[in-house]
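Starting from 1, each residue takes its place in the sequence as its number.
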Amino acid sequence: MLDIYAGTHALKTIQQQGFKQELFTSMLGASGGPKWFTLFGLDKYIFGEFFQERTTELNLIGSSAGAFRFGALAQKDPVAAITRLAKIYSETVYTEKADALEITTKAKTLLDAVYGKNGMAEIINNPIFKAHFIVAKCQGLTSFDSKPLQFLGLLGSIVLNRIDRNLLKHQYQRYVYHHPNSRVKLTDHCQFDTFYQPLTERNLKAALLASGSIPMVMQGVKDIPNSSKGMYRDGGIIDYHFDIQIENAENQKSENEGLILYPHFNAQPKAGWFDKNLTRKVQENHYQNVVMIVPSQQFIASIPFGKIPDRKDFTEMDATTRIKYWRTVLTETERLAERFDAFCQQPDLSQLKPFQA
C-alpha cells in the first residue's frame, strides 16, 4: 500500500533515534500536476497530525504543483486549505480547445480561492512552516509568448539536456521565492544560477502562478514584483523531482541529522522536466537524508484505470468521467494516510527500503 524509502544517512539516523517528526527539517514537493492527488491523504495527515505539535521550523520547498500544495499547507488551517486546493483543481473544467489564456485565467481563479488575502499573510508570517516556491526564469527563445518561438526554444532545451543537463543553465535560472526569515540555500552539481527573493504580499501570487506555468500550456509570468525583469515559468523545468543539496545557515547539524521528508508519487525521481523520458538518474548523494513516502504499485493498481492522475486526463477523458475518477483517487488516499499513521504509531524499521537512484 505504501512504500517508504530512506537514504543512507536517513536510515542510520532513524535506526539510532527512531522515527519521529522532530528529525525532519525540510520537506519536498515535486512538480507533476494532478499526480499529487495520490498524496492528498498523506498531506492532510502529515500536517493535521504528524506535524501538528511542531515547534521548530520546517522548510517546505516546492515547485509547480508542489509549490501550490505548500502554499496551502503553510496556511493557518493547512487541512482546510489543501482540501480547497484539491476540490477546486480536481473539478476544473476547460473548453474543448482551451488556449493558454483560458488555462492561465482559471489558474488565477484557483489561486484567489485557495490562498486569498488572508492566506498570503498566513504563508508569509508562519513561524513554523516556511514556504519556498521554485520558479524558472527563461532566457532566449523560451522567454517569448509566441508558441512557435517558444517551441523552438524548448526543442533546443531538449537537445542541450540530452547532451548534458549542465547546458540548461544557459537557458534557465532558478529563482527561489522564500519565507522572509528563511536562510535556506539550494545547490546542485549543474550549478544553475540561483537567486533568492523574500515572499511579500506583492509577489506571492505571481511567484506561485509562475511556479506552475507550464510552457506551451499556460502564459508565463512577466516581471514578478521585486525581481529582475523577464519571463518566469514552471519551476519544474529545472527542479521537476529535485536533484539538489539543501543547506540551512540556521541549522548547523551534522550530516546524519536534518532529515528531509518527501511524499512523492514515484520511487524513481527525475531531476528536471526534460529528464522525464530519459534514463538519467538523480545524484544519490543528494538523497542521503531523504525519507521518501510513495504509494505502492499495489495501491496504484487498486484505483480506477490502474494509474495515477495526470494532465492527459483533461484531454483523454470527458469531464464527468475525469472528475469522478479524480474524486475516487482523493478518497482512496485516506488508506495511505492510515498506513502511514500505523507506521508512525508503531514504527517497524524493517519496512524501510534503502533509496536507490
Side-chain angles (χ1 to χ4, degrees), residues 1-30 36 38-39 41-62 66 69-70 73 78 128-130 132 184 186-187 241-269 281-299 333-357:
M1 191 69 67
L2 191 68
D3 293 328
I4 305 177
Y5 299 88
T8 53
H9 291 159
L11 184 59
K12 183 179 179 180
T13 299
I14 293 168
Q15 288 171 339
Q16 293 174 341
Q17 302 184 41
F19 190 88
K20 49 191 178 182
Q21 65 90 8
E22 297 93 331
L23 294 177
F24 297 95
T25 55
S26 297
M27 183 169 170
L28 292 174
W36 80 265
T38 55
L39 308 175
L42 287 170
D43 279 348
K44 289 194 296 178
Y45 172 78
I46 288 169
F47 283 82
E49 297 187 43
F50 187 62
F51 286 136
Q52 186 178 35
E53 303 300 325
R54 190 173 180 93
T55 57
T56 56
E57 70 175 40
L58 183 76
N59 296 300
L60 311 179
I61 302 167
R69 285 167 58 209
F70 289 163
L73 293 168
I128 304 298
F129 301 116
K130 297 187 174 182
H132 302 71
V184 164
L186 307 181
T187 58
H241 295 166
F242 304 105
D243 193 5
I244 56 175
Q245 191 75 35
I246 302 172
E247 300 173 0
N248 187 355
E250 292 181 353
N251 180 32
Q252 301 297 333
K253 291 194 172 186
S254 73
E255 62 181 6
N256 292 339
E257 296 182 292
L259 303 189
I260 302 164
L261 187 63
Y262 192 6
H264 195 31
F265 45 80
N266 191 324
Q268 296 181 312
K281 297 181 179 181
V282 296
Q283 303 284 306
E284 201 161 297
N285 63 301
H286 288 161
Y287 280 76
Q288 290 182 106
N289 288 338
V290 169
V291 175
M292 183 181 286
I293 310 170
V294 185
S296 69
Q297 289 302 313
Q298 176 191 8
F299 173 79
T333 62
E334 297 296 339
R335 292 191 287 149
L336 301 179
E338 291 168 1
R339 184 60 60 92
F340 186 54
D341 176 56
F343 176 81
C344 292
Q345 297 303 321
Q346 292 185 311
D348 177 1
L349 301 189
S350 67
Q351 294 182 30
L352 296 178
K353 301 180 180 182
F355 174 82
Q356 295 180 325

Do side-chain atoms of [X] reach the backbone of [Y] as a donor and acceptor pair under 3.5 angstrom?
X	Y	answer
His9	Gly7	no
Gln21	Phe50	no
Asp3	Val294	no
Ser296	Phe299	yes

Would you give the length of the straight line joining atom [atom1] of [X] to atom [atom2] of [Y], rounded to the nearest 0.5 angstrom?
X	Y	atom1	atom2	value
Gln288	Gln245	CD	CD	7.5 Å
His241	Phe265	NE2	CZ	4.0 Å
Ile260	Asn59	CD1	CG	10.0 Å
Glu57	Thr25	CD	OG1	8.0 Å
Gln52	Phe47	CD	CZ	12.5 Å
Cys344	Lys20	SG	NZ	13.5 Å

Exercise for review: Could you pull out all residues at least two apart from Leu11 that satisfy side-chain contact (heavy atoms from CB on, under 4.5 Å)?
Suggested key: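 Leu11 satisfies side-chain contact (heavy atoms from CB on, under 4.5 Å) with Ala6, Gln15, Leu352 once adjacent residues are dropped.
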Exercise for review: Quick one: sort the His264 and Tyr262 rings into parallel, tilted or perpendicular, breaks at 30° and 60°.
Suggested key: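 The rings of His264 and Tyr262 lie parallel, inter-plane angle below 30°.
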Check your understanding: Do other residues, nucleotides or ligands put more than 12 heavy atoms under 6.0 Å from Glu334 CD?
Key ->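 Yes, CD of Glu334 has more than 12 neighbouring heavy atoms, counting only those of other groups under 6.0 Å.
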Review point. For the ring pair Tyr287 and Tyr5, is the centre-to-centre distance below 6.0 Å?
Key: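 Not under 6.0 Å, so no.
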Check your understanding: Sequence neighbours excluded, which residues qualify as side chain to side chain donor-acceptor pair (under 3.5 Å) partners of Asp341?
Key ->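 With neighbours one apart ignored, the set is Tyr45, Gln345.
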Review point. Are Phe242 and Val290 close enough, and set up right, to give a side-chain contact (heavy atoms from CB on, under 4.5 Å), and what steps lead you there?
Key: CA-CA 11 Å; Phe242 304 105; Val290 169; over 6 Å; no
Check your understanding: Ile246 and Leu28: which non-hydrogen atoms are nearest, and at how many Å?
Key ->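 Closest heavy-atom pair between Ile246 and Leu28: CD1-CD2, 4.0 Å.
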Point to revise | Test: Arg54 and Glu22 ion pair at under 4.0 Å | key: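 Salt bridge between Arg54 and Glu22, a charged N being under 4.0 Å from a carboxylate O: no.
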